[in-house]
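Lettering of chains follows the sequences in order, A, B, ..., and the numbering in each one begins at 1.
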There are 2 protein chains.
Amino acid sequence: MFSEVDPRSPTPLYDQIASRIRIAIAAGDLVPGRSLPSVRHLASRLRVNPATVVQAYRALAADGFVEMRQGSGTFVCEVGTGRKESERSAQARQLVRGLLSEAARRGLSAGDVAAAFRAELGSEVE
Amino acid sequence: MFSEVDPRSPTPLYDQIASRIRIAIAAGDLVPGRSLPSVRHLASRLRVNPATVVQAYRALAADGFVEMRQGSGTFVCEVGTGRKESERSAQARQLVRGLLSEAARRGLSAGDVAAAFRAELGSEVE
DNA sequence: CCTACTGTATTGGTTTACTAATACAATAGG
DNA sequence: CCTATTGTATTAGTAAACCAATACAGTAGG
């Protein structure tokens, strides 16, 4: 689970760490209330600086995935998979807006993106 | 058209410049064969360094939007709006893939993204 | 209490992206 | 030709992101 990390990847270390945990929470592998490894434990296991793990945990806390309690530890929040629908849709719309502007920048129309979206998702979109 | 640029924006100057030209080409405002302002002209008009305009033009050239000819100028390529459909769809699909992985990172499902996409595009998607 | 554990805060070094400055090379036109 | 205009190349400075190091502060449990 928190086994390894790639220092040579273009994606930052803290981002790799945060991503894995985020996915684990979304998938239900980490249930709400459960405590994450301590900053120092995870840091020594991954061979990175504790501050890097802090940065990852902080990013997760900013998104509401975890809660950091000084002296106690870092815990998975109630939200996770059951996050409020309005919040999810708002975030999704923001992502989509960014995609569309990026597509426009490259001279792609909304139709191009829509076609790619259908092709990529297949039947899931229905 | 090439009127102003915002140095305080988080998006780089060369990117702002390239984006506008890209959109102008995609929209047909700049027809193939037409010459763009010279590096120095555009730079002095926008109050930026010529090298910054070069970087913008270079990015456009890398995408096949324009062609830079030393001694002559920079010209809009034939592609532009008529770019090959396969190329457009491939690029669009790559963008969409990136979006979906980013969405997964944030704990959003493909369904969330699909809903946001429909909401954002409205009737255009049909 | 007090000790061993938790997260917090500040600081610094390294790298990378961005912008600028300056000198170079090719083309067009008189 | 030769001069003015075009893009090219190299170098440098500035800012931001990233990671590490170290000292600080709160909490739990014996």
Side-chain angles (χ1 to χ4, degrees), chain A residues 2 4-22 25 30 32-77 102 105, chain B residues 2 4-22 25 30 32-77 102 105:
Chain A
F2 302 129
E4 59 186 15
V5 81
D6 180 14
R8 302 177 314 168
S9 167
T11 73
L13 294 178
Y14 83 93
D15 216 331
Q16 296 181 39
I17 298 169
S19 295
R20 295 205 182 183
I21 298 174
R22 227 182 309 240
I25 293 175
L30 290 175
R34 170 166 168 182
S35 72
L36 265 53
S38 85
V39 165
R40 289 168 182 77
H41 273 161
L42 186 53
S44 72
R45 201 190 314 175
L46 297 179
R47 308 279 191 170
V48 299
N49 193 280
T52 301
V53 176
V54 167
Q55 196 172 356
Y57 280 11
R58 198 180 278 287
L60 291 169
D63 287 353
F65 280 92
V66 303
E67 181 184 0
M68 308 177 80
R69 287 201 284 270
Q70 184 168 344
S72 309
T74 302
F75 303 88
V76 178
C77 284
E102 173 65 21
R105 276 194 40 209
Chain B
F2 302 130
E4 59 185 17
V5 82
D6 181 13
R8 302 176 316 168
S9 167
T11 72
L13 294 178
Y14 83 93
D15 216 331
Q16 297 181 38
I17 298 169
S19 295
R20 295 207 181 181
I21 299 174
R22 227 182 310 238
I25 294 175
L30 290 175
R34 170 166 169 182
S35 73
L36 265 55
S38 85
V39 164
R40 288 168 183 77
H41 274 160
L42 186 54
S44 71
R45 202 189 313 173
L46 298 179
R47 308 279 192 170
V48 298
N49 193 280
T52 301
V53 177
V54 167
Q55 197 172 354
Y57 281 10
R58 197 181 279 288
L60 292 168
D63 287 353
F65 281 93
V66 304
E67 181 183 1
M68 308 177 80
R69 287 201 283 270
Q70 185 169 347
S72 309
T74 302
F75 303 88
V76 178
C77 284
E102 173 65 21
R105 276 194 38 207

For A:Leu13 and D:dC18, what is the distance between atoms CG and P respectively, to the nearest whole Å? 10 Å
With sugar-phosphate meaning primed atoms plus P, OP1 and OP2, does B:Arg40 contact a base, only sugar-phosphate, or nothing at under 4.0 Å between heavy atoms? base
For residues B:Val53 and B:Val48, determine if any side-chain heavy atom of one lies less than 4.5 Å from a side-chain heavy atom of the other. yes
Check the distance between D:dT8's P and B:Gln55's CD and give it to me in whole angstrom. 13 Å
Within-4.5 Å side-chain heavy-atom neighbours: A:Tyr57 and A:Ser38: no
Phosphate contact (D:dA21 OP1 or OP2) by A:Asn49 side-chain N/O below 4.0 Å: yes
Under 4.0 angstrom between A:Tyr14 side-chain N/O and D:dC19 OP1 or OP2: no
Residue pair B:Glu4 / B:Leu46, side-chain heavy-atom distance below 4.5 Å: no
Starting at CD of A:Gln16 and ending at P of D:dA17, how long is that distance when rounded to a whole Å? 19 Å
Residue met sooner reading DNA chain D from 5', once B:Met68 and A:Asp15 are mapped to nucleotides: B:Met68
Of A:Arg69 and A:Pro50, the one whose closest nucleotide on DNA chain D sits nearer the 5' end is A:Pro50
Would you kindly give the CG-to-P distance between B:Leu36 and D:dT5, to the nearest whole Å? 19 Å
Just the rounded figure in Å: distance from C1' of D:dG26 to CD of A:Glu67. 15 Å
Can you find a side chain N or O atom of B:His41 that sits less than 4.0 Å from OP1 or OP2 on D:dT5? no
Does any part of the side chain of B:Leu42, heavy atoms only, come nearer than 4.5 Å to the side chain of B:Leu36, both counted from C-beta? no
Regarding B:Val48, tell me which of base, sugar-phosphate or nothing describes its non-hydrogen contacts under 4.0 Å with the strands shown. sugar-phosphate
Boundaries of the DNA chain C segment in contact with chain B, non-hydrogen, under 4.0 Å: C:dC18 to C:dA28
Given the ring of B:Phe75, does B:Arg69 sit roughly above its face, with NZ or CZ under 6.0 Å from the centre of the six-membered ring and within 45° of the axis? yes
Can you tell me how far P of D:dA16 sits from CZ of B:Arg8, to the nearest Å? 14 Å
Any side-chain heavy atom of B:Arg22 within less than 4.5 Å of one from B:Asp63? yes
If you look only at distance, which donor and acceptor atoms sit under 3.5 Å apart when one is on a side chain in residues 9-17 of chain A and the other is two or more places apart or in another chain?
unit_1  : atom_1 : unit_2   : atom_2 : d
A:Ser9  : OG     : A:Thr11  : N      : 3.1
A:Ser9  : OG     : A:Thr11  : OG1    : 3.1
A:Asp15 : OD1    : B:Arg105 : NH2    : 3.1
A:Gln16 : OE1    : A:Asp6   : N      : 3.0
A:Gln16 : NE2    : A:Asp6   : O      : 2.9
A:Gln16 : NE2    : A:Thr11  : O      : 2.9

Is A:Ser72 close enough to D:dT27 that one of its side-chain N or O atoms is under 4.0 Å from OP1 or OP2 there? no
Just how far, in rounded Å, is P of D:dC19 from CZ of A:Arg58? 15 Å
